[in-house]
Every structure is written in structure tokens, then in C-alpha cells.
Amino acid sequence: MLDIELIRKKPELVKERLSRRDGGLSELLDKVLELDKNRRELLKKIESLRAERNKKSKEIGLLRKEGKDSSSVEEEVRQLKTEIESLQEKLGEVEEELRKVMLRIPNLPHESVPVGEEESQNLEVRKWGELPNFSFEPKPHWEIGEALGVLDFERGARLSGSRFTVLKNWGARLERALMNLMLDLHAKKGYEEVIPPHLVRDEILIGTGQLPKFEEDLYRCERDELYLIPTAEVPLTNLFRGEILKEEDLPVYLTAYTPCYRREAGSHGKDIRGIIRQHQFSKVELVKIVHPDSSYDELETLTSDAEEVLKVLGLPYRVVELCTGDLGFSAAKTYDIEVWLPSQNRYREISSCSNCEDFQARRMNTRFKDSTGKNRFVHTLNGSGVAIGRTIAAILENYQREDGSVVVPEALRDYLKADVIAP
RNA sequence: GGAAGGGUGGCCGAGUGGACGAAGGCGCGGCGCUGGAAACGCCGUGUACGGGUUUCCCCGUACCGAGGGUUCGAAUCCCUCCCCUUCCGCCA
């Protein structure tokens, strides 16, 4: 959520910044300004009426104590009451409307973010690793995985439909090994390991920004009014919602291995084959809750902590800075890490690292007491460290050999207890 | 799932429907006492919003788990929900 005060004081700046994302947001802003003005006028009226009411109520108490007649004052207060009630009803409507609009306005992009409308305008920041050179035609991971008996698409679909896959044998073990490798790596960097709930209430999703706007992307358990998490960012970031942290508690680094559930509404036909786009996938997530002064430094280290996973696994990747039009709803600035997929002859997203500044903190009401005793909103960051399904795909493809076997990356051998995956 | 009890400031804890933003204690900050400290004494110590003024100063409003209701007036009475504790049931 944006700071209403900023919108009020510098509407043109906010509009300009939002327009870098999407031209259609200016009207929403005007609506906010109008509702806010309306709200404050009503508030002023109500508060002065209430002040009067409070005064007169006290008078009644005094009169009665002295045994005097208070009925005329009572009548006055009764009238004030009905007046207050009708104004309050109006105020309630205005506030509800304002809240609704505010919750649908995305974060302001940081001024450093390159302006652009779509993916192609993202900025390549750096590349790492040598692209593999094959003396044969490299196969896509689904062919390799099926042949090795580690990916079973047919049975996955039988159980749950398309975009559900069964990991078997070395596939299942690969996931477990990767989970351990990643968590161990992050633990060394000071991230605290967490196992959060995978089902959360709607206000938790409002906190991180998935709701109300992206409801159709989520799985919902209607009976219990709970949603399956689309990423561990949701429960991790919300861990301190409503709390006032001590300044010395910051920064907080968290990591969690969880499944992620996404309906993938609107991506029909995209990445139909393989495990690149699944309704359920596993991910190790990194979340930071930090002091506002250091959040951009923290974004750099967060990104490099995620990159570290790919370095250790020897998977070639590049880092791109998302342009304003490609930025997620809550993010002020985002680096995507893209891993090389030989069968597609291109890099594919495997991690997304964002600084949300105080956008989520406002929605969650997570603050800290600074050295002057003032309560301020924290900054929140999140990044995949990294998506496990896509890592499996990348390993299968980058480490494949002509005979259909796959070499296990060195760093993974102790975890997997195998050097090669062969049929 | 059933029954009972409970949720009050940073913490503990009192609170009869009217002077309660809330006793008392602890903690914390300041001052005093002291050579210095402890102990002691005095004073202060929540948040949000709106307004005035931009001096972190004043005024107002709201907040005692959340939301409704009763009342001239609610921390206090009523209803719904959430959470915690205990007992029973079920269960990995």
C-alpha cells in the first residue's frame, strides 16, 4: 500500500512514477484523492460533533449527581447522536471505498528502475558460467526425465490433471538433495530456517499483495476460508505482521522450503511440456525484514545469495533487472535470475529477487522503533533461493550426456549419494 | 467436535455503566541524593488519525482481542467472530 500522505502531498510525482508501470493508473489516483478529501471533511465534522456529545454526556452525569433535571440535555445529545450516526455511515462507505482502491494500486518503481513496457526491455546486468557445448543434439528435460524414470507426466496428469507431475526415484531424491543443499547454503549466510503453514488466511495474502487483485491465481479452500500459498514469501513476510520490532532485531533473514501452489490462470498454452510451469512446485525462499536505510544493499546481497546456489551447482545464468512494466505488484525493484536451458537455447527465470520497500509493511503493519523512539515501517525483501523444479530441469538439461545419463553436479553428490543418474 | 475459563499499556495486574487512556507494581527515561554507585525520593513514560502550528508543541477524536448492538454515556451490559488455557472425544 502506498503512503496516503505522499499521494496527498505529491500527487503528480506519484502519478508520474506509476505511469512508468502502466498508463491506466492515473484515474485510480484521482479517485483516491477525491475519496481522501471526502473522508477528511467527514472526519472533521464527526469529531467535532463527538466532542460536543462527550461534553454534554459528562454534564448529564454531573446534573444527576446533584439531583437536577437533565432531560433537556439528554434530548440534545440524542439529536447529536442521530446526526453523528448518519455521518458515520457515510464515512464508513467512503473509507471502505478508499481502502478498496488503495489495495489495488501497485508499488512505485524505484527511480533507478529502467522504464519499459515488457520483458524484452529488461536490462541484462551480468552473466555467469560457460554455456555447455554438446557434440549431440541436447534433449529437453522432459524427454531426459521420462527416459530416466524420474519424471512421470502421464501419471501426474491421471492424479490431478495437466501441470501436475510425479517425481520418482532419482527425481524425488534430487528434490530432497537440492532442498538440503540450498537450505545449508543459506543457513551459512545467516538465514533462519522456518517451516511455515502452507495454508493462510486472506488477510495474510492481502499483506503481501496477492489479494485482492490476483485472487484467480490462487487455490482456495472455501470451507475453511484458507488459501494455499503461492510462495513461501507470503507466510514468511507476514511472520511479524502487526508487530513493532526493536531496531536491533533488524535485519531478520528467513529461509523456508515449501511447496507453492498456483492456478496459472491466463497462461494456457504456455510451457505445456515439462516442469517449467506447474500448479505445484517446490521452492526454497529467502525473505529479509530490514531497516529502510539498508534495503537496497540488502537487495544486492539477497540476489547474490540466490546466485550462489547456481554457482555451486555450476549452472550458467544471467541476472536481469526488470523494467517498470515487468515489475510485480508489490516490488519497487526486482532482479530476475535466469538459468540456461540448452533445449530452449535461452535463459529462463529461476529466481526473482525484489525489494518491496515499505509497501508490504504498510499492508501488514510491521514496524520497528527507531533510535529516536519513533515507529517506522520496515522494508521487506524476498527472493527465490531458488525454484527447485526449474533447477531439476536445468540440471537434467545442462548435465545430460549422449547416452541419456545425467552427471550429478559435484556439489550435489554428497547430498544425493550418486555421481551419475543413469537409466 | 463437546464443556468450562480467559484475552486490559513494554510486562504483571486492578477496574461498581458517568471525572477511565485507564489504580498499583515492574521495567524504561530524566532529575535529586552520592566521591561514584546501589537503595531511596520526585517527575515523566502508548498508538493512530484529524486540525492548529511546523515548536516532535497544543487541541480534538478513536483505541482495554476484532466487529456489531443496547445507552444521553461502555474496558464494564448483550450478540457474532478470532485467539489462548484446561478437561473430554478423536488422531499423526
Side-chain angles (χ1 to χ4, degrees), chain A residues 1-10 32-103 195-207 211 221-227 235 238-250 259 292 358-378:
Chain A
M1 192 141 60
L2 297 181
D3 182 1
I4 185 77
E5 234 172 291
L6 182 70
I7 297 178
R8 201 184 288 152
K9 285 183 181 153
K10 297 181 177 169
V32 167
L33 287 167
E34 189 196 316
L35 287 166
D36 179 55
K37 194 175 153 220
N38 219 322
R39 181 184 85 95
R40 279 185 301 162
E41 277 168 9
L42 283 166
L43 242 187
K44 227 162 117 180
K45 272 189 212 157
I46 290 173
E47 288 189 348
S48 70
L49 287 175
R50 273 211 273 243
E52 205 179 326
R53 181 199 63 187
N54 289 349
K55 221 171 96 191
K56 294 210 162 130
S57 282
K58 278 183 188 171
E59 252 174 62
I60 292 171
L62 286 173
L63 286 172
R64 289 206 184 166
K65 219 169 241 177
E66 293 167 20
K68 292 181 185 159
D69 174 44
S70 60
S71 54
S72 72
V73 189
E74 277 173 44
E75 183 48 38
E76 281 176 60
V77 178
R78 246 188 294 269
Q79 276 178 21
L80 280 175
K81 191 191 169 191
T82 53
E83 203 175 335
I84 290 170
E85 266 169 4
S86 77
L87 284 174
Q88 213 160 9
E89 201 171 314
K90 260 188 228 163
L91 178 70
E93 284 163 21
V94 170
E95 283 186 331
E96 179 57 28
E97 183 67 20
L98 180 62
R99 191 180 123 82
K100 266 191 197 159
V101 179
M102 286 292 283
L103 284 177
I195 298 183
H198 301 167
L199 291 158
V200 296
R201 294 188 218 277
D202 61 350
E203 73 240 37
I204 302 304
L205 287 148
I206 289 171
L211 286 179
C221 307
E222 201 156 357
R223 258 162 134 32
D224 301 293
E225 294 179 79
L226 291 168
Y227 292 82
N238 274 282
L239 221 49
F240 303 102
R241 77 179 351 253
E243 293 191 38
I244 300 174
L245 303 170
K246 295 189 188 116
E247 191 169 32
E248 61 264 32
D249 291 341
L250 301 178
D358 62 7
F359 185 83
Q360 295 179 323
R362 277 212 156 70
R363 294 172 157 241
M364 300 183 306
N365 197 23
T366 304
R367 293 171 295 172
F368 73 99
K369 206 173 267 298
D370 74 9
S371 46
T372 69
K374 233 181 110 182
N375 293 335
R376 296 171 63 189
F377 288 109
V378 297

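Within every chain, numbering begins at 1; the chains are lettered A, B, ... in the order of the sequence lines, protein sequences first and strands thereafter.
- Comparing B/rG50, B/rC72, B/rA62 against the side chain of A/Ser57 picks out B/rC72 as the nearest.
- B/rC49 and B/rG44 are spaced 25 Å apart, taking the C1' atom of each and rounding to whole Å.
- The side chain of A/Asn54 places no N or O atom within less than 4.0 Å of a non-bridging phosphate oxygen (OP1 or OP2) of B/rG73.
- The separation of B/rG51 from B/rC42, taken at their P atoms, amounts to 41 Å, rounded to a whole angstrom.
- Of the candidates B/rU61, B/rA48, B/rG73, the closest approach to any side-chain atom of A/Glu47 belongs to B/rU61.
- Among the protein residues, A/Leu43 comes within range of the sugar-phosphate backbone only, with heavy atoms under 4.0 Å from sugar or phosphate atoms but none that close to a base.
- Within 6.0 Å of CZ in A/Arg99 there are 12 or fewer heavy atoms belonging to other residues, nucleotides or ligands.
- An OP1 or OP2 oxygen of B/rG50 is reached within less than 4.0 angstrom by no side-chain nitrogen or oxygen of A/Arg40.
- Shown here is A/Glu248, whose CD atom has more than 12 heavy atoms of other residues, nucleotides or ligands within 6.0 Å.
- For the C1' atom pair drawn from B/rA37 and B/rG46, the interatomic distance equals 32 Å after rounding to whole Å.
- Heavy-atom distances to RNA chain B give each of A/Arg201 and A/Leu62 a nearest nucleotide, and the one nearer the 5′ end belongs to A/Leu62.
- Contact check on A/Arg8 versus A/Glu5 returns no salt bridge, with no Lys/Arg side-chain nitrogen under 4.0 Å from an Asp/Glu carboxylate oxygen.
- Closest approach to the A/Arg53 side chain among B/rG50, B/rA48, B/rG73 is made by B/rG73 (side chain taken as heavy atoms from C-beta onward).
- Checking the phosphate oxygens (OP1, OP2) of B/rA48, no side-chain nitrogen or oxygen of A/Asn365 falls inside 4.0 Å.
- Judged by closest nucleotide on RNA chain B, A/Ile244 is the one of A/Lys374 and A/Ile244 placed further toward the 5' end.
- The base-pairing partner of B/rC40, taking Watson-Crick or G-U wobble contacts with both distances under 3.5 Å, is B/rG32.
- Residue-environment remark: CD (A/Glu85) exceeds the threshold of 12 foreign heavy atoms within 6.0 Å.
- Nearest heavy atom pair, residue A/Met102 against residue A/Leu2, reads CE-O, 3.2 Å.
- The side chain of A/Arg367 lies closest to B/rU47, out of B/rC49, B/rU47, B/rG73.
- On the P atoms, B/rU8 is 22 Å away from B/rA4, given to the nearest whole Å.
- Rounded to whole Å, the C1' atom of B/rG2 lies 39 Å from the corresponding atom of B/rC20.
- Listed pair A/Arg8 / B/rC49 fails the phosphate criterion, with no side-chain N or O lying under 4.0 Å from OP1 or OP2.
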